[in-house]
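Numbers here simply count residues along the sequence, with the first being 1.
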Amino acid sequence: MRYENPLQLAEELGALDLLADQRIAIGISRGSPETALRGYEAFGYTGSKDPRGADIAREKFATFLRAIDGEGMVEADPARAPRGTLLPITPHSNGLRDRIWWGSATRETAQWVGEMGLNLMSSTLLTEEAGMPFHELQREQIDRYREAYAAAGHTRPPRVSVSRSIFPLVSDADRAYFGGRPDSDQVGMIDGYVSTFGKTYAAEPDELIEQLRADSAVMAADTVMLTVPNQLGVDYNAHVLQAFAEHVAPALGWKPNTDGPVRGDRIELSTTS
């Protein structure tokens with residue numbers, strides 16, 4: 001979001017959503033750590049007090065949400081419209097906000113996403129460390145998101161996705177690339193933060209199913225996004241996706257797209273007497 005013009009993005013996504021029969025799913029975030037030093041300034045976006053640009057990303061995102069909600073964003077020329085008229089961005093796609101996902105890397109940000117009533121994306125990296133396994137930290141992130149979502153009074157079932165590197169070992173090529181390589185969570189520094197990196201899952205399908213069932217964040221999410229090694233080419237990555245869909249996903253409750261769109265889990269606000 002640091003590099004985006006919020007009104008142009010709202011216009012483009014409104015058009016795309018209508019062309020796609022309101023089926024898009026747009027993931028937005030501040031942006032990943034970058035090589036450029038304050039690179040967003042080269043695009044004309046100045047004034048950030050955070051070297052990572054998180055503050056201007058939030059400000060521009062707030063403007064973007066107002067625009068896709070159909071608010072008037074700029075005063076009209078009084079020679080062409082009644083004085084005081086505010087013009088919205090067009091085209092407008094009703095309900096586009098419900099298809100916006102924010103990429104969150106912390107529990108605090110996830111809580112903010114819940115308050116905003118957006119969908120939550122969480123990847124294989126969290127820019128915090130709490131002395132617990134990655135999946136437990138991510139599950140806590142999801143729980144805080146859902147609690148904030150319910151407390152804010154949102155009623156639409158929200159969507160939650162987590163990303164994982166998952167490789168079913170079903171061929172000699174799979175075993176050559178990923179077999180015999182024990183993996184575990186890692187803690188390190190990224191973008192100035194002590195961060196937790198999730199492990200890679202690579203095993204025979206039966207073993208993978210049990211490992212993923214023990215992953216509390218995977219089981220709490222309604223969607224799992226697979227991260228794939230694009231340097232290995234399209235054909236191999238298509239094989240990885242096919243192997244997961246055939247040998248692993250059905251045991252975890254996955255449904256093919258022929259069963260209709262995925263729906264989020266309804267959230268009930270708990271009360272105590």
Open item on the list: Before you tell me yes or no, could you show the steps for Glu4 and Phe43 under side chain to side chain contact (heavy atoms under 4.5 Å, CB included), namely the whole-Å CA-CA distance, both residues' side-chain angles and the distance that decides it to 0.1 Å?
Closed with: CA-CA 9 Å; Glu4 293 290 342; Phe43 286 73; over 6 Å; no
Task: Atom of Val170, atom of Ala243 and distance for their closest heavy-atom approach - done: CG2-CB, 3.9 Å
Task: Asp185 (side chain) donor-acceptor with Phe134 (main chain) under 3.5 angstrom - done: yes
Task: Closest contact, heavy atoms only, Leu137 versus Ala130 - done: CD1-CB, 4.0 Å
Open item on the list: With no hydrogens and no angle check, just 3.5 Å: does a side-chain donor-acceptor pair link Asp69 and His92?
Closed with: no
Open item on the list: If hydrophobic clusters are built by linking Ile, Leu, Val, Met, Phe, Trp and Tyr wherever their side-chain heavy atoms come under 4.5 Å apart, do Leu252 and Leu226 end up in the same one?
Closed with: yes
Task: Hphob cluster co-occupancy, Val262 + Val224, side-chain heavy atoms under 4.5 angstrom - done: no
Task: Side chain to side chain, His154 and Met116, heavy atoms closer than 4.5 Å - done: no
TODO: Could you work out the complete set of other residues in the hydrophobic cluster of Leu19, with links drawn between I, L, V, M, F, W and Y side chains under 4.5 Å apart?
DONE: none
Task: Donor-acceptor pair between Ser122 and Gln138 side chains, under 3.5 angstrom - done: yes
Task: Over all atoms of both residues, closest heavy-atom pair of Ile100 and Phe61 - done: CG2-CZ, 4.1 Å
Open item on the list: In terms of relative ring orientation, are Tyr149 and Tyr145 parallel, tilted or perpendicular, with 30° and 60° separating the classes?
Closed with: tilted
Open item on the list: To the closest 0.5 Å, what do you measure between CD (Glu204) and CD (Glu210)?
Closed with: 14.0 Å
TODO: Answer whether the closest heavy-atom distance between the side chains of Thr109 and Arg58 falls below 4.5 Å.
DONE: yes
Open item on the list: Quick check: do Arg80 and Pro78 have side-chain heavy atoms less than 4.5 Å from each other?
Closed with: no
Task: Distance (rounded to the nearest 0.5 Å) between Thr124 OG1 and His135 NE2 - done: 15.0 Å
Task: Heavy-atom closest contact (Ala36 atom, Tyr3 atom, distance) - done: CB-OH, 4.5 Å
Open item on the list: Are Met121 and Ile68 connected into the same hydrophobic cluster when the rule is that any two of I, L, V, M, F, W, Y join if their side-chain heavy atoms are below 4.5 Å apart?
Closed with: no
TODO: Using a cut-off of 6.0 Å, state whether more than 12 heavy atoms not belonging to Asp50 lie near its atom CG.
DONE: yes
TODO: Could you grab the distance from atom CD of Glu147 to atom CD of Glu115, nearest 0.5 Å is fine?
DONE: 11.5 Å
Open item on the list: Please tell me whether Leu96 and Leu65 are part of a single hydrophobic cluster in this structure, the criterion being side-chain heavy atoms less than 4.5 Å apart.
Closed with: yes
Task: Any donor-acceptor N/O pair, Arg2 side chain to Arg30 backbone, under 3.5 Å - done: yes
Task: Distance-only polar pair, side chains of Tyr201 and Asp183, donor-acceptor under 3.5 Å - done: no
Task: side-chain hydrogen bond (donor to acceptor under 3.5 Å, both in side chains) contacts in which one or both residues fall within residues 244-258, not counting sequence neighbours - done: Gln242-Glu246
Open item on the list: If I compare all heavy atoms of Ala110 with all of Ser104, which pair ends up nearest, and what's the gap?
Closed with: N-OG, 3.2 Å
Task: Phe167 vs Thr200, side chain to side chain contact (heavy atoms under 4.5 Å, CB included): CA-CA, chis, key distance, verdict - done: CA-CA 8 Å; Phe167 301 99; Thr200 295; 3.7 Å; yes
Task: Cation-pi, Trp112 ring and Arg144 (6.0 angstrom, 45 degrees) - done: no
Open item on the list: If we count only N and O atoms by modelled type, under 3.5 Å, do the side chains of Arg107 and Gln141 hold a donor and an acceptor together?
Closed with: no
Open item on the list: Does any part of the side chain of Ile26, heavy atoms only, come nearer than 4.5 Å to the side chain of Trp102, both counted from C-beta?
Closed with: no
Open item on the list: Checking Glu12 against Gln8 for the side chain to side chain donor-acceptor pair (under 3.5 Å) test, could you report, in this order, the C-alpha distance in whole Å, the side-chain angles of both residues, the deciding distance, and whether it holds?
Closed with: CA-CA 6 Å; Glu12 291 173 344; Gln8 181 179 355; 3.2 Å; yes
- [ ] Check whether the side chains of Ser195 and Glu128 place a donor and an acceptor atom closer than 3.5 Å, and report yes or no.
- [x] no
Open item on the list: Under 6.0 Å from the ring centre and within 45 degrees of the ring axis: does the NZ or CZ of Lys60 meet both conditions for the six-membered ring of Tyr45?
Closed with: yes
Task: Parallel, tilted or perpendicular, as decided by the 30° and 60° cut-offs, for the rings of Phe178 and Tyr236 - done: parallel
Open item on the list: Do Leu118 and Leu120 have side chains that approach each other closer than 4.5 Å (heavy atoms only, starting at C-beta)?
Closed with: no
- [ ] Considering only NZ, NE, NH1 and NH2 on the basic side and carboxylate oxygens on the acidic side, decide whether Glu136 and Arg139 come within less than 4.0 Å.
- [x] no
Open item on the list: Keeping Asn237 on the side-chain end and Pro229 on the backbone end, is there a donor-acceptor pair under 3.5 Å?
Closed with: yes
TODO: Consider only side-chain N and O atoms of Arg159 and Thr223, and report whether a donor and an acceptor are under 3.5 Å apart.
DONE: yes
- [ ] For the residue pair Phe64 and Ile28, establish whether any side-chain heavy-atom pair is separated by less than 4.5 Å.
- [x] yes
- [ ] May I ask you to decide if Arg23's main-chain N or O and Asp21's side chain share a donor-acceptor pair within less than 3.5 Å?
- [x] no
Task: Main-chain N/O of Gly14 paired with Ser93 side-chain donor or acceptor, under 3.5 Å - done: no
Task: Min side-chain heavy-atom separation Pro256-Asp259 under 4.5 Å - done: yes
TODO: To the nearest 0.5 Å, tell me how far Leu16 CG sits from Ile24 CD1.
DONE: 4.5 Å
Open item on the list: Nearest 0.5 Å, please: how far is CD in Gln22 from CG in Asn94?
Closed with: 6.5 Å
Open item on the list: According to a hydrophobic-cluster definition based on side-chain heavy atoms being under 4.5 Å apart (Ile, Leu, Val, Met, Phe, Trp, Tyr only), do Ile166 and Met225 belong together?
Closed with: no
Task: Heavy-atom pair of closest approach, residues Ala76 and Ala81 - done: CB-CB, 3.7 Å
Task: Inter- and intrachain pairs under side-chain hydrogen bond (donor to acceptor under 3.5 Å, both in side chains), touching residues 224-233, at least two apart - done: Ser165-Thr227
Open item on the list: Just so I know, are the side chains of Leu9 and Met1 near enough to count as touching, which here means a heavy-atom distance under 4.5 Å?
Closed with: yes
TODO: Spell out, as yes or no, whether a donor-acceptor pair under 3.5 Å connects the side chain of Glu129 to the backbone of Gly131.
DONE: yes
Open item on the list: So if I apply the side chain to side chain donor-acceptor pair (under 3.5 Å) rule between Asn119 and each of Arg97, Arg99, Arg156, which one comes out positive?
Closed with: Arg156
Task: Pair Thr106-Leu126, side chain to side chain contact (heavy atoms under 4.5 Å, CB included): steps then yes or no - done: CA-CA 6 Å; Thr106 67; Leu126 294 174; over 6 Å; no
- [ ] For atom CG of Asp235, decide whether the heavy atoms of other residues, nucleotides or ligands shown that lie under 6.0 angstrom number more than 12.
- [x] no
Task: Expected output: side-chain Glu71 to main-chain Leu86 donor-acceptor under 3.5 Å - done: no
TODO: Show your working on side chain to side chain contact (heavy atoms under 4.5 Å, CB included) between Leu7 and Val74 and close with a plain yes or no.
DONE: CA-CA 10 Å; Leu7 299 186; Val74 63; over 6 Å; no
Open item on the list: I need the Arg52 CZ to Ser32 OG distance, nearest 0.5 Å.
Closed with: 13.0 Å
Task: Asp17 side-chain N/O to Leu13 backbone N/O, donor-acceptor pair under 3.5 Å - done: no
Open item on the list: Check this for me: does any side-chain nitrogen of one of Arg175 and Asp172 sit under 4.0 Å from a carboxylate oxygen of the other?
Closed with: yes
